[in-house]
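Any value given below was found using the heavy atoms of this structure, including those in side chains, with hydrogens, waters and symmetry copies removed. We count residues from 1, following the sequence as given. Note that the coordinates shown come from a computational prediction; the quantities given were computed from them, not determined experimentally.
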Amino acid sequence: MTRLLLFSCVVCLLSATGVNAQVPSPTPPQDASQLATLLEQQTSWKFECSGDRCILNGDVELPLPGNQGKFFADQIEIFGDKNLLVASGNVVFANQEGRLAAEKVEFDLKQQTGIFYVASGTMPLGSAADPRQFGNQQADVYFWGETIERLGDQKYRITRGGFTTCVQPTPRWELVTGSVTLNLNDYALATNTVLRVKGVPVIYLPWVYYPIQDDDRATGFLLPTYGTSSLRGQAISNAFFWAIGRSHDATFLHDWFTTTGQGAGVEYRYVAAAQSSGDIRMYRLNQKEVVYTDDGETGVLPATKSFEFKGNMNHAISPRVRARARIDYFSDVVTQQLYYQDVYQATRNNRVIEGGLTAGFGPTSSNLLYSRSEYLSDSNSSTVYGSTPRISTNVAPQRLFGSPVYASMNAEYAYLPDRSISNGEVTRDDSHGRIDMSPTLRVPLSRLTFLSVNTSASYRATRYSRSAGPTGGTVDDPYFRQYSSLETDIVGPVFTRIWDRPDSVFAERLKHVIGPAFKVDLTRRIEDYTKT
């Protein structure tokens with residue numbers, strides 16, 4: 001009679017818990033059958049019932065219907081009139097979200113909510129989290145507190161506890177907080193928080209919004225960074241990440257330096273299609289005048305307003321046309337070297353602006369390129385070179401009117417800047433334009449498999465807008481250069497022999513090929529070939 005009373009009480013309470021579940025609960029008869037079997041087979045714990053109250057003692061293992069979880073405890077009390085389960089002694093609650101361990105639990109069986117006292121838990125972040133950032137282990141979030149309240153599916157509130165995504169015995173970092181609300185795979189919202197690194201308190205944060213989505217993208221403030229420098233003074237860097245949509249986002253940046261001033265910027269990233277994406281970064285620094293001391297000598301860093309642009313773009317405009325662009329430009333090389341921390345950026349002395357179009361239509365391919373590169377030897381002197389612009393067209397070999405003659409052509413126009421700049425003025429300018437054209441005719445004279453003979457005739461004409469001066473540099477004296485060439489390639493006759501070596505451990509067959517090659521190249525004399 002006692003076993004039947006317990007069975008009826010537990011079934012009535014637990015069968016109602018599937019109402020708010022994400023996974024539909026099995027029908028009550030199925031749950032009743034499973035629980036009845038459990039009660040009949042268990043031997044490791046005892047139970048007794050009185051009215052609406054039942055007490056289970058021993059190594060209790062009590063499942064919830066509908067795969068909603070399972071309780072393990074030394075003792076579990078069930079109050080039928082209150083839909084309440086009270087567990088104590090080595091309590092563990094396990095479900096699809098993870099595991100919670102506590103000294104005591106008060107759990108509402110109908111609402112699937114409850115309070116875990118002196119508790120800790122581990123929940124997975126999801127399969128999308130990068131395991132390389134977690135020692136190639138499953139990515140988890142570990143949290144603990146004096147009380148942990150389960151507010152609903154994947155939502156918990158921690159009081160006087162903390163959390164971390166480093167589950168090593170000594171976490172690399174942890175947030176210890178007075179109160180934190182965890183929405184698994186979404187965010188953590190904490191108040192009165194101390195960030196600890198290897199157990200050492202680093203910074204106090206009155207309010208923290210920490211995203212823990214499994215796709216690593218959530219709108220919110222990023223953790224601030226702090227640094228100090230003999231020149232810049234103390235520095236605090238803040239950033240706000242905006243997940244605009246699935247295919248684009250932005251980060252807003254702000255840096256405050258106690259000695260030199262403030263800087264602000266924005267980064268924007270997008271993916272328009274499988275082969276179309278881009279990113280751009282803009283940053284502006286408002287620097288105050290700074291008096292500094294270096295090796296006992298006093299210097300002055302003047303007030304300045306500098307900016308930096310960085311970006312990359314690659315777009316498939318159509319199946320035949322593609323566009324690309326790149327910019328890496330800064331206005332002040334001194335600022336570039338003083339404010340960057342990594343060696344590459346701090347020592348970089350060139351800035352680039354580049355963009356182009358590539359198109360292909362049948363045998364014809366064309367390319368349009370604008371490229372301007374500037375190397376800075378110091379803060380006031382630089383050298384500019386590149387192609388502004390360069391336009392080229394190539395026609396692949398095409399058979400002419402059904403004859404054995406194939407024709408191809410390359411053509412290009414380019415303006416090639418080459419100038420030196422000092423204090424904003426051009427001190428040397430050897431820039432020039434160039435037009436180049438080269439048609440080619442090719443005739444295969446042999447169709448034998450063991451002998452190939454190809455003859456080609458080509459003509460090349462180039463016009464330069466300027467030429468080298470007698471004392472160096474360039475002068476406004478255009479010149480035209482042309483030449484023709486005739487070339488014959490002979491390969492063969494080719495002799496081949498194959499040896500079978502069935503008993504060899506190196507190879508079953510050996511092939512030996514003898515194929516002599518000859519080339520005759522006749523180029524017409526180039527007039528004024530020494531002129532450049």
*Asks:* What distance separates Leu151 CG from Thr181 OG1, expressed to the nearest 0.5 Å?
*Replies:* 7.0 Å
*Asks:* Taking the basic N atoms (NZ, or NE/NH1/NH2) and the acidic carboxylate oxygens, is any pair closer than 4.0 Å for Arg466 and Asp477?
*Replies:* no
*Asks:* Could you measure the distance from the CZ atom of Arg434 to the OG atom of Ser465? Nearest 0.5 Å is fine.
*Replies:* 10.5 Å
*Asks:* Evaluate Thr358 against Asn367 for side-chain hydrogen bond (donor to acceptor under 3.5 Å, both in side chains), listing each step before the verdict.
*Replies:* CA-CA 5 Å; Thr358 303; Asn367 184 60; 3.1 Å; yes
*Asks:* Between Phe240 and Trp242, is the gap from one ring center to the other below 6.0 Å?
*Replies:* no
*Asks:* With the side chain counted from C-beta on, respond yes when Asn183 and Lys155 share a heavy-atom pair under 4.5 Å apart, and no when they do not.
*Replies:* yes
*Asks:* Please assess Tyr483 against Arg460 for the test side chain to side chain contact (heavy atoms under 4.5 Å, CB included), listing each intermediate value before the final yes or no.
*Replies:* CA-CA 6 Å; Tyr483 67 91; Arg460 183 170 183 179; 3.5 Å; yes
*Asks:* Can you check whether Phe307's main-chain N or O pairs, donor with acceptor, with Arg284's side chain at less than 3.5 Å?
*Replies:* no
*Asks:* Any non-hydrogen side-chain atom of Val395 less than 4.5 Å from a side-chain atom of Ser408?
*Replies:* no
*Asks:* Mind running side-chain hydrogen bond (donor to acceptor under 3.5 Å, both in side chains) on Thr251 and Arg269 for me, showing each step along the way?
*Replies:* CA-CA 9 Å; Thr251 303; Arg269 296 159 293 271; 2.8 Å; yes
*Asks:* Using ring centroids (six-membered ring only for Trp), state whether Phe309 and Tyr329 fall under 6.0 Å.
*Replies:* no
*Asks:* Can you confirm whether more than 12 heavy atoms, excluding those of Asn90, are under 6.0 Å from its CG atom?
*Replies:* no
*Asks:* Is any side-chain heavy atom of Asn380 closer than 4.5 Å to a side-chain heavy atom of Ile421?
*Replies:* no
*Asks:* State the OG1-CH2 distance between Thr164 and Trp144, to the nearest 0.5 angstrom.
*Replies:* 6.5 Å
*Asks:* Mind checking whether His248 and Tyr268 have parallel, tilted or perpendicular rings, split at 30° and 60°?
*Replies:* perpendicular
*Asks:* Do any N or O atoms from the side chain of Asn349 and from the backbone of Leu376 form a donor-acceptor pair under 3.5 angstrom?
*Replies:* yes
*Asks:* Using a 3.5 Å distance criterion without hydrogens, assess whether the side chain of Ser420 forms a donor-acceptor pair with backbone atoms of Thr427.
*Replies:* no
*Asks:* Output a table of donor-acceptor pairs, distance under 3.5 Å, between side-chain atoms of residues 231-239 and any protein atom two or more places apart or on a different chain; print 'none' if there are none.
*Replies:*
from: Arg232; atom 1: NH1; to: Leu338; atom 2: O; distance (Å): 2.7
from: Gln234; atom 1: OE1; to: Tyr226; atom 2: OH; distance (Å): 2.6
from: Ser237; atom 1: OG; to: Asp255; atom 2: OD1; distance (Å): 2.7

*Asks:* For the residue pair Arg481 and Ile526, establish whether any side-chain heavy-atom pair is separated by less than 4.5 Å.
*Replies:* yes
*Asks:* Hey, is the main chain of Val321 close enough, under 3.5 Å, to the side chain of Ser318 for a donor-acceptor pair?
*Replies:* yes
*Asks:* On a heavy-atom basis, which atom in Ser179 and which in Arg157 lie closest, and how many Å separate them?
*Replies:* OG-CG, 4.5 Å
*Asks:* Does any N or O in the side chain of Glu106 come within less than 3.5 Å of the main-chain N or O of Leu84, such that one atom is a donor and the other an acceptor?
*Replies:* no
*Asks:* Would you say that Asn286 contacts Gln262 through its side chain, given a criterion of any heavy-atom pair below 4.5 Å between the two side chains?
*Replies:* no
*Asks:* Using the salt bridge (charged side-chain N to carboxylate O under 4.0 Å, His left out) rule, collect all pairs that involve residues 272-282, keeping only residues at least two apart or in two chains.
*Replies:* Glu267-Arg281, Arg281-Glu308
*Asks:* Evaluate Val291 against Thr298 for side chain to side chain contact (heavy atoms under 4.5 Å, CB included), listing each step before the verdict.
*Replies:* CA-CA 7 Å; Val291 179; Thr298 301; 3.6 Å; yes
*Asks:* Using the salt bridge (charged side-chain N to carboxylate O under 4.0 Å, His left out) rule, take Arg351 and Asp328 through it: C-alpha gap first, then chi angles, then the decisive distance, then the call.
*Replies:* CA-CA 5 Å; Arg351 44 195 183 191; Asp328 195 344; over 6 Å; no
*Asks:* Ring-plane angle category for Phe143 and Tyr156, please: parallel below 30°, perpendicular beyond 60°, tilted otherwise.
*Replies:* tilted
*Asks:* For a side-chain hydrogen bond (donor to acceptor under 3.5 Å, both in side chains) check, start with the C-alpha distance between Ser431 and Tyr385, then their side-chain angles and the critical distance, and finish with the verdict.
*Replies:* CA-CA 8 Å; Ser431 306; Tyr385 69 96; over 6 Å; no
*Asks:* Distance check, rounded to the nearest 0.5 Å: Ile353 atom CD1 versus Arg326 atom CZ?
*Replies:* 10.5 Å
*Asks:* Do the ring centers of Tyr479 and His432 come within less than 6.0 Å of each other?
*Replies:* no
*Asks:* When you measure from the side chain of Thr383 to the backbone of Tyr375, do you find a donor-acceptor pair of N or O atoms at a distance under 3.5 Å?
*Replies:* no
*Asks:* Between the side chains of Tyr204 and Asn192, is a donor N or O closer than 3.5 angstrom to an acceptor N or O?
*Replies:* yes
*Asks:* Locate the shortest heavy-atom distance separating Asp249 from Ala243; write the atom from each residue and the value.
*Replies:* CB-CA, 4.1 Å
*Asks:* Just to verify, which of Thr147, Val118, Val91, Val86 counts as forming a side-chain contact (heavy atoms from CB on, under 4.5 Å) with Lys104?
*Replies:* Val86
*Asks:* Over 60° means perpendicular and under 30° means parallel, so classify the ring planes of Phe93 and Phe116, tilted if in between.
*Replies:* tilted
*Asks:* For residues Thr113 and Arg150, report the shortest heavy-atom separation together with the two atoms involved.
*Replies:* CB-O, 3.1 Å
*Asks:* Do the side-chain N and O atoms of Asp430 and Thr474 include a donor-acceptor pair separated by under 3.5 angstrom?
*Replies:* yes
*Asks:* Taking all non-hydrogen atoms of both residues, which atom of Thr440 and which atom of Ser458 are closest, and how far apart?
*Replies:* OG1-CB, 3.6 Å
*Asks:* Locate the shortest heavy-atom distance separating Ile317 from Ala323; write the atom from each residue and the value.
*Replies:* CD1-CB, 3.6 Å
*Asks:* Return the OH to OG distance between Tyr117 and Ser88, rounded to the nearest 0.5 Å.
*Replies:* 12.5 Å
*Asks:* Might you confirm whether atom CZ of Arg99 has over 12 heavy atoms from other residues, nucleotides or ligands at distances under 6.0 Å?
*Replies:* no
*Asks:* Restricting to pairs with a member in residues 355-373, which pass salt bridge (charged side-chain N to carboxylate O under 4.0 Å, His left out), not counting sequence neighbours?
*Replies:* Arg372-Glu374
*Asks:* Is the shortest heavy-atom distance from the side chain of Leu369 to the side chain of Glu354 under 4.5 Å?
*Replies:* yes
*Asks:* Taking it one step at a time, do Tyr459 and Gln482 satisfy side-chain hydrogen bond (donor to acceptor under 3.5 Å, both in side chains)?
*Replies:* CA-CA 8 Å; Tyr459 170 78; Gln482 61 178 337; 2.4 Å; yes
*Asks:* Kindly indicate, with the supporting measurements, whether the criterion ring pair (Phe, Tyr, Trp, His ring centres under 6.0 Å) is fulfilled by Phe107 and Phe71.
*Replies:* CA-CA 10 Å; Phe107 197 81; Phe71 273 102; 5.1 Å; yes
*Asks:* Any side-chain heavy atom of Arg348 sitting closer than 4.5 Å to one from Phe330?
*Replies:* yes
*Asks:* To the nearest 0.5 angstrom, please state how far the CD1 atom of Ile327 sits from the CE atom of Met282.
*Replies:* 10.0 Å
*Asks:* Answer yes or no: is there a donor N or O on one side and an acceptor on the other, between the side chain of Thr177 and the main chain of Thr191, under 3.5 Å?
*Replies:* yes
*Asks:* Tell me the closest heavy-atom pair linking Val194 and Pro201, and the distance in Å.
*Replies:* CG1-CB, 4.0 Å
*Asks:* Measuring only between side-chain heavy atoms, which start at C-beta, is Leu416 closer than 4.5 Å to Ser387?
*Replies:* yes
*Asks:* How about Phe241 and Phe252: are their ring centres within less than 6.0 Å of each other?
*Replies:* no
